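First the structure, in the form of structure tokens, and then the observations on it.
Counting convention: from 1, in listed order, for ligands and their atoms alike. Side chains included, hydrogens not; waters and symmetry mates left out as well; all remaining heavy atoms used. Just so it is clear, the model here is predicted, and its values are computed rather than measured.
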Amino acid sequence: MLRTLEGGLSREHQAEPDDKLACLRALERKVLWLSTWMIHNANHIRPNRDGLKVGGHQASSASVATLMTALYFDVLRPQDRVAVKPHASPVFHAIQYLLGRQTRDKLERFRGFGGAQSYPSRTKDGETVDFSTGSVGLGVGMTLFASLAQDYLRLKRLVPTDNPPGRMIALAGDAELDEGNIFEALLEGWKHDVRNLWWVIDYNRQSLDAVVSDRLFGRIDALFEMMGWQVVTLKYGRLLEAAFARPDGHHLREWIDACPNSLYSALVYKGGEGWREHLHRDLNRYPGIRAILDDHDDAALQQLMTNLAGHDMDSVVAAFHAVEDDRPTCFIAYTIKGYGLPFAGHKDNHAGLMNLDQMASFRRNMAVAEGAEWERFAGLDLPPERLAEFLEGVPLAGSRPRRHDAPAVVVPPSLPVPRGARLSTQEAFGRILGDIAAREGALAERIVTTSPDVTVSTNLGPWVNRRGIFDRAERADTFREEHVVSAQRWAMSPQGQHIELGIAESNLFLELAALGLAGPLFGTRLLPIGTLYDPFIKRGLDALNYACYQDARFILVATPSGITLAPEGGAHQSVGEPLIGLAQPGLVSFEPAYADELAILLRWAFEEIQREEGQSVYFRLSTRPIDQPQRTIDPALATAIVAGAYWLREPGPGADLAIAYCGAVAPEALAAHQEVAEDIPDAGLLAITSPDRLHRDWRVARARGETGVAEHLLARLRPGAALVTVGDFHPATLSWLGAVAGNTIVPLGVDRFGQSGDIPDLYRAYGIDTNAILDAAASACLTALRQTA
Ligand SMILES: Cc1ncc(C[n+]2csc(CCOP(=O)(O)OP(=O)(O)O)c2C)c(N)n1
Ligand SMILES: [Mg+2]
């Protein structure tokens, strides 16, 4: 359904009280002023020490000032959550300042260290920001998955349901819709029948570089309707509607409707004279149009012709309040980029900043006295007490914290170790999770798994079989009902604890971001586990980064990985992902070799993702079955496994050589070590479970002047001893170990694209088999010897 609110609104809906509208209009003016001034201050007034452009987006901010004023000061309720268009950050901060939730000091330091952030940031700006934004498209998609997370919690009664659900709202730039992740999310949202979702599109028809193509017209609404959304178009404001209602007025409407985006924008920039010239040329034959032109001087004509509904407070407020159902709704709000500023409509205005003269004249227009630039109500035509009183009464005001403090979920002291002489880490993962699923208790209740169509092939099967698939409705497992044998149960219900996604890794990470923020957003923690194939982390990498940037907490299980998936390989062989694990802030990564290590680490991960200063956890697992050590893990060993490394074969004191391995190459490392030990009996074999943890600890310890884990372990070798590192990943993952204690290092690993093959062929071809380790050991020993001599 296309519901166009082009005029006629006040006939359908009660007009807003004039007093409220007057307050909103005054605050809108202030929001525009403060956002513009904040940017001006940062660029032109604050001292600049490095000569770098500071920037800020005056035009993008002006474009959305009306919409955001209406939302924050009238429409939003405490339970609603918002993702604000990244480059509208100044508007957001100005609004928070007016609400008394942002300090003048931070506004003065906008884009400066410790000041209000360039783009709204959950972690850096704090409480007021619900969803970070910055990488366009992701914040928009995030709201959709947040609505799914909210449904998940409410349908299970994991959160109180006596309050109406929150609306998850994105204020999106129109060019954000070019990002593919939006459409991936839309499709997924349709499948999951998401609700309580609003996307408000700031339809200024401009992106960063230029004016967007006219060919887009009519496509956006069609797309949303196709996905079951309600579309509300806010096109013309009251002034234009009134003009259209005059004799011949429909010719004016037709003229604007047919006006190409770029001409409209150019005329907005040129102002009254430009409009007059064109309208005169095209419509002068109509007496009614001549009358309109005669009635308006240049300034009034400019005001009329730029009176789009997205800048018309009355229309905006009415449109928002008119939506009362929970259908996902897209508002297409026509706006002008830079509305009210000297570069309004100019195609190059994205990074445009008003110069000193322009600002001085803008200040005079806004009636803000010099020295009163930061004052909350300076220059407004309503009494300050009235505005203060209005602000105290807005639905969002009040002391209710926006972020919930959700109690932690208790994790049992140990997880069962899957038994078996030969196991892969992937199989071990499936069995550990299956075992958790079989038990009652908080841990099992709060785990939610999700996967982009690789649930079965990443071994989530045992979990799903017991815990079921989440869906708003009960849906039978048809194959089962028809008695068709399948190892996999696929019944769906609101009780299900696995969210099945289509193949879109970006969606996986946005969903993990939303589920991983369930505690602060909705008040009950979830323990999300997402699985995918390791190489496809890169497909969703920006969304993964986005999730981590917001401090969402989840467990990522990436399997299979490396060239070790062998016959299935080629395009599926990941190489650099451990470096992502090492470099990604907010994500700690592990690559265990054995099932017992994984049981220790997974348990630790459930606690880590709940710790105040914790992080998300990434496990890189493998499908290669390998012989398992028959051992019991004592607390000291458990600690070492979590810290990132332990001696699987202790070196003799002052040993000349050690082999350090990580992950699925353990058998090759063991075999090589055994052979080496014939010549160098005191050679050590170092099992590395986390290059990431070791590396971080090394740097932290260094900074504190302490001995870190890696240094402590390597101190068992003689100074300068030979060290061979090996793993099914880029050799740089471990090559830094040579710098820890000054060992002579030969790092082995994979630095070319993989191909199909079996493990013996592939490990040989890529130089990570037993022989390669032996050769490397020999060469490292030789170099070490030369250096000592
Ligand atoms: C993923 C990503 N690519 C590029 C950019 C750089 N960028 C910032 S804003 C923008 C254009 C935004 O246009 P629109 O969404 O229409 O917002 P407007 O400024 O018109 O309000 C671009 C390309 C970005 N922030 N994120
Ligand atoms: Mg735009």
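Shortest contact from atom 26 (N) of ligand 1 to any protein heavy atom: V136 N, 3.1 Å. Closest protein heavy atom to atom 21 (O) of ligand 1: K85 NZ, 2.6 Å. The single protein non-hydrogen atom nearest to atom 16 (O) of ligand 1 is D174 OD1, 2.6 Å, given as residue, atom name and distance. Looking at atom 20 (O) of ligand 1, its nearest protein heavy atom turns out to be Q206 O, 2.8 Å.
A cation-pi arrangement is found for R205 relative to Y203, the charged atom lying closer than 6.0 Å to the ring centre and inside a 45° cone about the ring normal.
Considering backbone and side-chain atoms alike, S63 places every N or O at 3.5 Å or more from each N or O of ligand 1. Residue-to-ligand polar distances keep D542 apart from ligand 1: every N/O pair is separated by 3.5 Å or more.
Within the 4.0 Å heavy-atom cutoff, H57 does not count among the residues contacting ligand 1. Heavy-atom separations between S207 and ligand 1 include at least one value shorter than 4.0 Å.
The contact set between ligand 1 and N204, taken as ligand atoms under 4.0 Å from a residue heavy atom, comprises 18 (P), 20 (O), 21 (O). Short contacts between ligand 1 and H350, defined as distances under 4.0 Å to a heavy atom of the residue, involve ligand atoms 9 (S), 19 (O). Those atoms of ligand 1 with a heavy atom of S135 less than 4.0 angstrom away are 1 (C), 26 (N). When each atom of ligand 1 is checked for a heavy atom of D202 under 4.0 Å away, the hits are 21 (O). Taking every heavy atom of A175 and a limit of under 4.0 angstrom, the matching atoms of ligand 1 come to 13 (O), 14 (P), 15 (O), 16 (O).
Of all heavy-atom pairs spanning T69 and A65, the tightest one is OG1-O, 2.6 Å. For the residue pair M366 and L32, the shortest heavy atom distance occurs at CE-CD2, 3.9 Å.
Protein N, O or S atom count below 2.8 Å of the Mg ion (ligand 2): the structure gives 3.
For F536 and H572, the distance between ring centers is under 6.0 angstrom. Taking the six-membered ring wherever Trp is involved, the centroid distance between the rings of F362 and W33 falls below 6.0 Å.
Residue K337 forms a side chain to side chain contact (heavy atoms under 4.5 Å, CB included) with just one option from V211, V64, N204, and that option is N204.
No more than 12 heavy atoms of other residues, nucleotides or ligands sit less than 6.0 Å from atom CD1 of I503.
Sorted by first and then second residue, the pairs that involve residues 536-549 and meet salt bridge (Lys or Arg N to Asp or Glu O under 4.0 Å), not counting sequence neighbours, are K538-E577.
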